[in-house]
Number of protein chains: 2
Amino acid sequence: MTVDDLRRAPLLAGLTDEQLDALAAIAQPVLLPGAATIFRQGDPAEAFYLLAEGSVKVFKAFRDGRTATIRHVRTGETFGESVLFNDSYPAGAQTMEESRLYRLRSDDFRRLMLAEPELGLRIIAAMAHLLVMLNQRVEELLLPVPARLARFLLDLCSEQGSSTQCHLAIAKQELAARLGTVPETLSRTLNRFVRGGLIAVDGNTFEVLNRPALERLAQQ
Amino acid sequence: MTVDDLRRAPLLAGLTDEQLDALAAIAQPVLLPGAATIFRQGDPAEAFYLLAEGSVKVFKAFRDGRTATIRHVRTGETFGESVLFNDSYPAGAQTMEESRLYRLRSDDFRRLMLAEPELGLRIIAAMAHLLVMLNQRVEELLLPVPARLARFLLDLCSEQGSSTQCHLAIAKQELAARLGTVPETLSRTLNRFVRGGLIAVDGNTFEVLNRPALERLAQQ
DNA sequence: CGGCTCCTTGAGGTTAATCAATCCTGGTGG
DNA sequence: CCACCAGGATTGATTAACCTCAAGGAGCCG
């Protein structure tokens with residue numbers, strides 16, 4: 001049911017039932033198969049989306065056809081919100097499996113914001129925060145590949161509650177995309193880490209052997 | 001006088017005299033010589049600034065000591081505003097000549113925002129817009145140097161009201177920093193444009209000879 | 001045991017930084 | 001009026017990072 005789906009979105013948490021009803025009135029349900037393009041980088045911005053079920057990735061496309069995954073959207077999260085400030089999408093989005101989402105047209109949403117200032121304030125603040133995050137991700141792409149990989153590994157470990165071990169849930173080629181590089185370079189870089197005694201690799205499980213060196217590398 | 005200085009800031013335009021007085025009460029005047037560091041990338045974020053007189057540049061620092069100028073701040077503009085969302089500065093700032101500025105401590109400012117919701121709404125919206133701009137600038141650094149230069153030239157021309165001619169007011173090495181590259185590469189790239197018949201150069205004046213090709217280059 | 005997909009390894013090419021040398025050009029003092 | 005000097009601007013040669021293309025493995029399922 002629409003309102004229940006909306007209530008699960010962190011961006012909308014804490015809204016009153018009336019506000020959610022108003023939102024539900026402008027939310028268009030969409031059902032997409034896997035690997036479907038939702039919007040492309042540079043497309044005129046018309047709407048943003050709430051992911052109710054399934055999974056979606058947001059990515060930047062480069063000149064050379066390479067892509068860097070910016071984030072994996074989780075159930076209940078919104079994406080493409082920057083349409084409210086921008087007139088074209090700053091990144092592309094694609095489903096990774098069959099997904100159910102809601103489309104929120106930006107002019108409908110803007111109209112709603114005028115009627116409900118509280119909603120607007122909440123959205124704008126959340127969005128500013130998102131933009132800061134996005135900015136950090138894009139900035140990371142300016143670092144050399146080894147630094148990006150080191151960051152990722154350290155983050156993954158702390159995310160999984162360990163300071164030395166972590167398990168990679170996605171394929172290495174997905175990781176390469178997430179780091180904005182290609183599988184070959186990822187493979188070579190991992191190899192270099194192993195030869196340098198920084199980490200040990202067993203399949204998709206990693207062990208950090210020399211944390212200080214890895215942290216130094218992650219710096220720059 | 002403080003209030004007059006504040007009134008000139010686009011971010012604050014349209015505020016009532018009372019609101020400006022309240023702001024003036026928390027604005028600390030600062031006088032700095034040229035080439036002075038205002039804050040460094042990564043410093044804990046405590047305040048943002050309004051430039052009343054002089055000139056300031058905001059820049060990203062790279063691992064290798066290179067820097068990319070993100071923007072040249074003009075009189076009446078604010079910079080470092082992202083402290084309101086971030087707990088450290090995402091870029092560094094430095095005066096380019098003797099400058100007079102006002103320091104606005106972020107917790108003072110936040111307190112003021114709570115008391116004056118209208119002020120908060122205005123600031124947040126303006127800031128979200130700024131963040132989008134910043135994001136675009138950082139993204140540009142992912143493009144190859146010729147694309148960045150092409151963009152810059154086209155922007156400069158349209159900024160100066162001409163579709164074919166423009167004049168560069170800063171030194172070429174400053175332009176190189178603005179493009180996130182080094183003077184040598186800028187020189188070679190300009191040369192390539194000239195040899196390719198894209199532009200003509202006379203000192204610091206440029207003429208666009210083949211706009212479509214330049215626009216194509218700017219794409220990616 | 002093919003055939004598949006994913007991963008790795010090697011060779012080569014492109015982009016752009018670095019280092020070093022040279023060339024202007026405008027300002028200064030003789 | 002001219003020689004000289006300093007900073008900026010150019011040019012050449014070298015180097016580093018990392019992508020591309022191409023060719024092997026390694027595991028896995030029918």
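In what follows, chains carry the letters A, B, and so on, assigned in the order in which the sequence lines appear, proteins first and then strands, with residues in each chain numbered from 1.
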Atom pair distance, as rounded to whole Å: [atom1] in [X] and [atom2] in [N]:
X      : N      : atom1 : atom2 : answer
B/E174 : D/dA9  : CD    : C1'   : 15 Å
B/D202 : D/dA9  : CG    : C1'   : 15 Å
B/Q173 : D/dG7  : CD    : P     : 11 Å
B/K172 : D/dT11 : NZ    : C1'   : 14 Å
A/L190 : C/dT9  : CG    : P     : 10 Å
A/L175 : C/dC7  : CG    : P     : 10 Å
A/L179 : C/dC7  : CG    : C1'   : 16 Å
A/L141 : D/dC18 : CG    : P     : 12 Å

### For A/F59 against A/A91, the heavy-atom pair lying closest together
O-CB, 3.4 Å
### Task
Would you tell me if any nitrogen or oxygen in the side chain of B/T181 comes within less than 4.0 Å of OP1 or OP2 on C/dA17?
yes
### Query
Is A/E46 salt-bridged to A/R105, going by a charged N under 4.0 Å from an acidic O?
no
### Query
Taking atom types as modelled, is there a side-chain donor on A/S187 or A/E184 under 3.5 Å from an acceptor on the other?
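No pair is found: no donor N or O on one side chain lies under 3.5 Å from an acceptor on the other.
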Of the listed nucleotides ([options]), which one gets closest to any side-chain atom of [X]?
X      : options               : answer
A/T185 : D/dT11, C/dT8, D/dC19 : D/dC19
A/N191 : C/dA16, D/dT10, C/dT9 : C/dT9
A/V182 : C/dC7, D/dC19, C/dA17 : D/dC19
A/E184 : D/dT10, C/dT9, D/dA9  : C/dT9

### Query
Quick one: does B/R188 reach the base of C/dT18 with a side-chain donor-acceptor pair under 3.5 Å?
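Yes, the side chain and the base share a sub-3.5 Å donor-acceptor pair.
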### Candidate list B/R178, B/E77, B/M133, test side-chain contact (heavy atoms from CB on, under 4.5 Å), partner B/R71, passing option
B/E77
### Query
In terms of ring plane angle, is the pair A/F109 and A/F48 parallel, tilted or perpendicular, where the classes change at 30° and 60°?
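Taking A/F48 first and then A/F109, their aromatic rings stand perpendicular (interplane angle over 60°).
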